[in-house]
Amino acid sequence: MNAPQRSAGAAIEIRQASKRYGAFVALRDIDLHIRPGEFMTLLGPSGSGKTTTLNLIAGFTDISSGALDIGGKSVTGLPSHKRNIGVVFQHYALFPHMTVGKNVAYPLSLRGIRGDDRERRVKRALDMVKMADFAHRYPNELSGGQQQRVALARALVFDPPLLLMDEPLGALDKKLREWLQLEIKRIHRELGTTFVYVTHDQEEALVLSDRIAVFNGGRIEQIGTGRELYDNPATLFVGRFIGESTVLRGASEIVNGDTVMTVGGDKIVAHGRLDGDASPVILLRPERVALKRPGSDAVSGENRLSGTVAEAIYLGSGSKYEVKLKDGTIAVVRAPLGAADFAIGDAVDLTFTPADLTLLPDDASADTTLT
Amino acid sequence: MSFSRVFLGLFCLLVAILLLAPTLVVIPMSFNGNKSLAFPPVGFTWAWYENFLTNPDWTTSFTNSLVIALIVAVAATVIGTLAAFGVTRAASRTGGLLRALLITPMVVPGVVLAIGIYAVYLDAHLVGTVAGFALAHTMLAIPFVLIAVQASLEVFDRRLETAAASLGAGRLTVFRTVTLPLILPGILSGALFAFITSFDEIIVALFITSPYLKTLPVQIYSSITRDADPTVAAVGTLLFLATSLIIIAGLLFGMRRGRT
Ligand SMILES: Nc1ncnc2c1ncn2[C@@H]1O[C@H](COP(=O)(O)OP(=O)(O)OP(=O)(O)O)[C@@H](O)[C@H]1O
Ligand SMILES: [Mg+2]
């Protein structure tokens, strides 16, 4: 029997949790509910509080205020070694004085599992990450990717209901990272364990996750599926962090309940209006735009912004353009294969419908926190 | 280029000879046919070795030193290791201060310590006792353990302890299964230093010795000033052999570990 055991994943409930280091607030009143068996990714820029959240769940740091339940029970005051949670670290953290086999057997020995049973479970875990042939090697005889697979086996061998991973692929090259992402996804599907995964790579988050929580400055900006975050970002920060986008700013007025914004002399219409009196910005996704020659036939209800091509990049699967608008904004445009070609310096019109646009309140912090 | 290599080689040889010369003089002296420490020796005899192994003055002082040094190695290693943890893991300011305080026995002149210890021991009736020697030598040995263990604690990756805790290990288990095995080389070299510190300590020993309890260095000293016979050379040769064996064993052990 080699099939890994399906274990019931644990639910996590974080309510109004804060973490302070002296006067510094690393986490501010976060609420996060993770369903049993879910793959939840904590995504955000450096210093936004992802690791802090993970450390709270793992019990490596104490919560300053708020509540944390795992599997329906409060874990306040429960030390990390009693929480029965698997953790995978960016730096692998394999024990250098133990072989791969001993490393993976370690959590089992601590739980009083010995002899054949232990051997069998170690082998099963190593099979799962395709490292069974390396059981007698020491960690310093393995590549980074191999070490991380062993670390994954070690964190899962005791069938924890919850696995935490803090940028586990951060130190690996792109090819290996993409392959391991798929492996992690497969293992998650096979086991039914709840996975909480930290990354600052939005593509990785989109590949892996059932849902994503976007962190910014110690707060959660939005929680949702990749599609929800991409199509309906709640804040400008989320809109800019997930996927590519162009942010349009300009004087705006409300006409017939729709927002009309003047961008570099061109008027564009976005459906609806913002609640409250925050000044609106418009988020435009690169693939929603069609490039046309100036003066070509207008379709009714279509928005047009004129500009000049500043950069044209052939990507194989299509082309990517950077168009300089009249107000100086650089707009990113993705043209599918077969669309008309443009060269640098060409005058073009960006065309899109009001439904292609997302209206969001302006937020200066969204610019400064992006790198 | 090859000239500078030859030159470098010759220079190294010279330094090696300089460092080894006193030792190399002692070995032939231990077989001196005359009852004198003169160099070069004349004749050949095993008599001084026999004297060392049979004369109770020599055998008891040797056993005394061995017993005391073993006690010191254990006590100083335990205390020094704990101190190293405290110093390494305290806030850096406190840690630095503690460390400076803890290594004072290494920098204070031996005589100063010896006088202080002697004065206190007279009152406490510790002069000429195994306990007295063990206590004084432990104090002298702690800094060596502290430095050796601290060096290995500083390169020890504490995140491994976090990882072990996440896998279900309580604090003691973490120490036993992860921390201890990884800093063991430091602890062992600290223990060796502690042993040697006690075994060849003479200044404090001269103060707190008594006719009933002499350590080997004290016996060597009094033998030189009284008999001046080559038994000291025989002792020196034996100690040289013993330490060489320990060091070679250590190197072989280190090489084996390094390979895995
Ligand atoms: N022990 C600590 N003492 C003081 N401040 C801390 C401590 N640990 C973390 N912080 C601060 O808390 C904030 C959040 O840190 P955290 O490690 O959670 O960020 P992160 O989102 O994981 O970032 P990264 O992507 O760089 O790992 C940071 O500003 C950090 O400087
Ligand atoms: Mg982090």
Side-chain angles (χ1 to χ4, degrees), chain A residues 51 54-55 57-61 78-100 102-113 125 136-141 147-148 150-160 162-166 168 196, chain B residues 77 81 84-85 88-95 145 148-192 249-260:
Chain A
T51 298
L54 216 62
N55 285 346
I57 300 174
F60 300 148
T61 42
L78 195 65
S80 53
H81 70 272
K82 291 192 179 144
R83 292 199 182 185
N84 203 34
I85 296 174
V87 185
V88 176
F89 303 87
Q90 177 173 3
H91 49 89
Y92 320 133
L94 294 177
F95 305 128
H97 58 300
M98 299 183 195
T99 59
V100 165
K102 290 257 170 59
N103 262 283
V104 178
Y106 185 83
L108 298 177
S109 307
L110 292 174
R111 286 164 176 76
I113 299 166
H136 296 291
R137 296 252 194 119
Y138 281 87
N140 65 5
E141 298 166 337
Q147 289 189 50
Q148 198 56 298
V150 174
L152 188 60
R154 187 180 66 175
L156 285 169
V157 71
F158 55 101
D159 296 326
L162 171 59
L163 181 73
L164 310 177
M165 288 183 266
D166 195 350
V196 183
Chain B
T77 302
T81 301
F85 269 93
T88 318
R89 302 198 169 172
S92 65
R93 279 271 293 278
T94 335
V145 179
V149 177
Q150 204 193 357
S152 51
L153 268 180
E154 236 125 56
V155 296
F156 171 73
D157 184 358
R158 284 206 72 184
R159 297 177 300 189
L160 294 177
E161 294 182 338
T162 313
S166 79
L167 295 168
R171 293 184 70 148
L172 261 178
T173 313
V174 172
F175 179 78
R176 193 170 48 77
T177 55
V178 176
T179 319
L180 187 62
L182 287 171
I183 62 166
L184 198 61
I187 293 180
L188 287 181
S189 77
L192 194 64
L251 282 178
L252 288 177
F253 180 68
M255 263 159 64
R256 228 194 56 217
R257 272 179 76 101
R259 256 217 314 276
T260 55

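Chain naming here is simple, since letters A, B, ... match the order of the sequence lines and numbering starts at 1 in each. None of the values given here were measured: they were computed from a predicted structure.
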Open item on the list: Only pairs of heavy atoms separated by less than 4.5 Å count here; which of A:Phe89, A:Phe60, A:Tyr106 has the most with chain B?
Closed with: A:Tyr106
Open item on the list: Is the positively charged end of A:Arg111 above the ring of A:Phe158, judged by distance under 6.0 angstrom from the centroid and angle within 45° of the axis?
Closed with: yes
Open item on the list: Counting only heavy atoms from other residues, nucleotides and ligands, does the tally under 6.0 Å from CZ of B:Arg89 exceed 12?
Closed with: yes
Open item on the list: Within the 4.5 Å heavy-atom criterion, are B:Glu161 and B:Phe156 side-chain neighbours or not?
Closed with: yes
- [ ] Would you mind checking which part of A:Leu110 comes under 4.5 Å of any heavy atom in chain B, side chain (CB onward), backbone (N, CA, C, O), both or neither?
- [x] side chain
Open item on the list: Is A:Leu164 close to chain B through its backbone or its side chain, or both, or neither, when contacts mean heavy atoms under 4.5 Å?
Closed with: neither
TODO: Give the minimum heavy-atom separation between B:Gly186 and B:Ala148, together with the two atoms involved.
DONE: O-CB, 3.6 Å
